[in-house]
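Excluded from the calculations below are hydrogen atoms, water molecules and symmetry mates; all remaining heavy atoms, backbone and side chain alike, are included. As the structure is a computational prediction, the values presented were derived from the model and not from experiment. Chain A is the first sequence line, chain B the second, and so forth, proteins listed ahead of strands; every chain is numbered from 1.
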Amino acid sequence: MERIVVGMSGGVDSSVAAMLLKQQGYDVIGVFMKNWDEQDDNGTCTATGDWNDVQEVCQLIGIPYYAVNFEKEYQERVFAYFLEEYKKGRTPNPDVLCNREIKFKAFLDFAMQLGAEKMATGHFVQKGDADGHSLLLKGADPNKDQSYFLYMLKEKQLARAVFPVGGMTKAQVRALAEEFGLPVSQKKDSTGICFIGERNFRQFLQGYLPLQAGEMQTQEGQVVGQHMGLAYYTLGQRKGLGIGGSGDGRSWFVIEKDLKRNVLVVAQGEDHPALYSRYVRASQLTWIGETPPAREGEPFQCTAKFRYRQPDQQVTAVYNGDELYLRSEDWQRAVTPGQSAVLYQGDICLGGGIAEEASREAMLDWVSILP
RNA sequence: UGGGGUAUCGCCAAGCGGUAAGGCACGGGACUUUGACUCCCGCAUUCGUAGGUUCAAAUCCUGCUACCCCAG
């Protein structure tokens with residue numbers, strides 16, 4: 001009997017995933033990952049409730065369960081990077097790294113040590129196969145597809161993974177949970193940084209990054225307010241600026257973080273040109289498959305998501321080593337350095353990179369590159 | 001010191017005798033395994049202040065206060 005270790009968060013999706021695998025006759029082991037240690041106001045660990053849910057669910061399903069601690073790995077491989085990026089004025093996405101480094105590396109290794117053939121998670125993604133090569137496909141529920149967060153995986157990692165709920169809709173998953181009387185069937189979907197959870201983001205950052213207040217200025221250099229530290233803002237941000245009523249009365253948005261001058265550059269109106277770009281340069285490009293969709297320097301068509309849940313955007317892409325250049329058909333709003341650009345062809349997730357800069361104008365000689 | 005003007009929510013701003021629009025900001029919620037965006041709801045028993053006229057005033061009258069402008 002094939003053994004599969006399921007990464008269980010205490011949520012509906014991973015609980016149903018474990019249950020389905022058990023039904024299919026696998027030797028299922030549930031494992032709860034603890035990657036962040038934090039006490040809430042009452043002094044109890046915020047992960048305790050989730051661990052309790054995991055235990056309840058596993059007992060109900062009738063599978064053994066364990067908890068494993070990856071706090072150190074998370075700290076070193078994910079959180080350190082997270083803070084470094086903020087210090088550079090960028091806006092990192094820790095969850096894509098968490099998946100590559102923790103869930104599909106540290107945890108995968110752990111699963112193998114438990115004698116498993118495969119690991120499983122409750123991600124809403126599907127797997128495909130092309131001549132024996134694993135493909136990452138979007139989840140069947142277009143509203144819940146989480147392939148964006150898994151683009152950094154390699155096909156070798158993927159080959160070891162199964163996603164039992166990826167072919168279902170969220171509604172179907174909940175219905176199954178309900179049907180089997182899982183105690184978490186009505187549990188609210190979790191959001192926020194994985195393992196760290198929902199919290200006041202500024203308060204959270206304050207504990208790790210020094211505050212350095214400075215000026216908010218327009219592009220023309222007019223001072224329109226004070227900011228409390230560039231790290232607390234991201235491109236395209238509207239809320240939290242606190243400078244309403246000035247200028248022409250429209251909303252203000254962050255259009256640039258000038259680290260050298262410690263100035264937050266803002267502009268008025270959601271349609272301000274500075275919020276939009278068409279060209280994106282990304283680094284740290286990774287392909288899921290061993291064979292990229294095109295050769296270096298050879299432009300190709302695909303779609304991209306510049307943020308989670310964004311509809312596919314038609315782009316022309318070309319890459320050089322781990323540098324990726326994209327030209328979008330449509331204007332893209334607030335493409336932010338540090339955020340990921342994830343590439344697709346149809347339902348296949350190809351991989352992606354981390355945005356370094358976005359521009360209204362070409363940063364490459366596209367005319368000569370394009371056919 | 002004369003003359004004129006303006007004072008309505010944190011900011012901007014409707015209102016012109018009939019019982020306080022709207023925008024921005026802010027707060028709450030929804031959405032969401034990053035950060036954002038977006039959407040929904042809330043947000044002045046009160047109109048610088050003290051009186052007066054009137055059935056009824058932010059809206060009319062008077063005093064006071066503050067600020068602005070022009071004269072000096």
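- Donor-acceptor pairing under 3.5 Å is recorded for the side chains of A/Gln217 and A/Glu215.
- If you check every strand for non-hydrogen atoms under 4.0 Å, A/Gly240 touches sugar and phosphate atoms only.
- The aromatic rings of A/Tyr65 and A/Trp51 sit perpendicular to each other, their planes meeting at more than 60°, with 30° as the lower class boundary.
- The P atoms of B/A20 and B/U38 are separated by 32 Å, rounded to the nearest whole Å.
- Atom CE in A/Met216 sits about 17 Å away from atom P in B/C11, given to the nearest Å.
- Nucleotides B/A7 and B/C41, compared at atom C1', are 32 Å apart to the nearest Å.
- The partner of B/A71, taking Watson-Crick or G-U wobble pairs whose two distances both stay under 3.5 Å, is B/U1.
- Separating the P atom of B/C64 from that of B/G15 is a span of 29 Å, rounded to the nearest Å.
- As rounded to whole Å, 15 Å separates atom P of B/G35 from atom CG of A/Leu97.
- Taking 3.5 Å as the limit, the base of B/G23 and the side chain of A/Arg250 contain no donor-acceptor pair of atoms between them.
- As judged by a 4.0 angstrom heavy-atom cut-off over every strand, A/Asp145 is placed among residues making no nucleic acid contact.
- Both A/Tyr308 and A/Trp252 lie near RNA chain B, and the one whose nearest nucleotide falls closer to the 5' end is A/Trp252.
- Atoms CG (A/Leu241) and P (B/G35) sit 17 Å apart, rounded to a whole Å.
- Rounded to whole Å, the distance from CG on A/Asp13 to P on B/U32 is 11 Å.
- Nucleic acid contact class of A/Glu270 (heavy atoms, under 4.0 Å, all strands): none.
- Residue A/Phe82 is classed as having no contact, given no heavy-atom separation below 4.0 Å to the nucleic acid.
- Aromatic ring centres of A/Tyr208 and A/Phe79: separated by under 6.0 Å.
- Anti is the glycosidic conformation of B/C39, whose angle departs from 0 by more than 90°.
- Pairing of B/U19, defined by two Watson-Crick or G-U wobble distances under 3.5 Å, is not identified with any nucleotide.
- In this structure, CZ of A/Phe149 is placed 12 Å from P of B/U32, rounded to the nearest angstrom.
- For B/C39, the paired nucleotide is B/G29, the pair qualifying as Watson-Crick or G-U wobble because both relevant distances are below 3.5 Å.
- Across the C1' atoms, B/C24 and B/C43 are found 13 Å apart, a figure rounded to whole Å.
- Counting non-hydrogen atoms under 4.0 angstrom, A/Lys144 reaches the backbone sugars and phosphates but no base.
- Rounded to an integer number of Å, the gap from A/Arg90 CZ to B/A36 C1' is 16 Å.
- A salt bridge is absent between A/Lys144 and A/Asp13; no separation between the charged side-chain nitrogens and carboxylate oxygens falls under 4.0 Å.
- When only modelled atom types and interatomic distance are considered, A/Thr303 and A/Gln345 share no side-chain donor-acceptor pair under 3.5 Å.
- Spacing between B/G52 and B/U59 at atom P, rounded to whole Å, works out to 14 Å.
- Counting only heavy atoms from C-beta outward, the side chains of A/Lys257 and A/Leu235 approach each other to under 4.5 Å.
- Mapping A/Gln146 and A/Tyr232 onto RNA chain B by nearest heavy atom places A/Gln146 closer to the 5' end of the strand.
- As rounded to the nearest Å, B/G28 and B/A13 have P atoms that lie 28 Å from one another.
- Of the P atoms belonging to B/A36 and B/G10, the separation is 28 Å, rounded to the nearest Å.
- A/Phe253 comes within 4.0 angstrom of the backbone, heavy atoms only, and of no base.
- Linking Ile, Leu, Val, Met, Phe, Trp and Tyr residues whenever their side-chain heavy atoms come within less than 4.5 Å leaves A/Val31 and A/Met19 in two separate clusters.
- Among the heavy atoms of the strands, none lies under 4.0 Å from A/Asp248.
- Atoms CD (A/Gln310) and C1' (B/U38) sit 13 Å apart, rounded to a whole Å.
- In terms of phosphate contacts, A/Lys239 brings no side-chain nitrogen or oxygen within less than 4.0 Å of OP1 or OP2 of B/G35.
- Checking B/A7 for Watson-Crick or G-U wobble geometry (two distances, each under 3.5 Å) identifies B/U65 as its partner.
- Members clustered with A/Tyr319: A/Leu135, A/Leu137, A/Val280, A/Leu285, A/Trp287, A/Phe300, A/Phe306, A/Val315, A/Leu324, A/Leu326, A/Val335, A/Leu343, A/Ile348, A/Leu350, by chain and number, using a 4.5 Å side-chain heavy-atom cutoff among hydrophobic residues.
- At the phosphate of B/U34, neither OP1 nor OP2 sits under 4.0 Å from any side-chain N or O atom of A/Asn99.
- A/Thr191 comes within 4.0 angstrom of a base, heavy atoms only.
- Taking atom C1' in both B/G23 and B/A66, one finds a spacing of 27 Å when rounded to whole Å.
- Counting any heavy atom pair closer than 4.0 Å across all strands shown, A/Arg238 reaches sugar-phosphate atoms only and no base atom.
- Residue A/Ser251 places at least one side-chain N or O closer than 4.0 Å to OP1 or OP2 of B/A25.
- As rounded to whole Å, 16 Å separates atom P of B/U34 from atom CH2 of A/Trp36.
- Looking at heavy-atom distances under 4.0 Å, A/Ser9 makes no contact with the nucleic acid at all.
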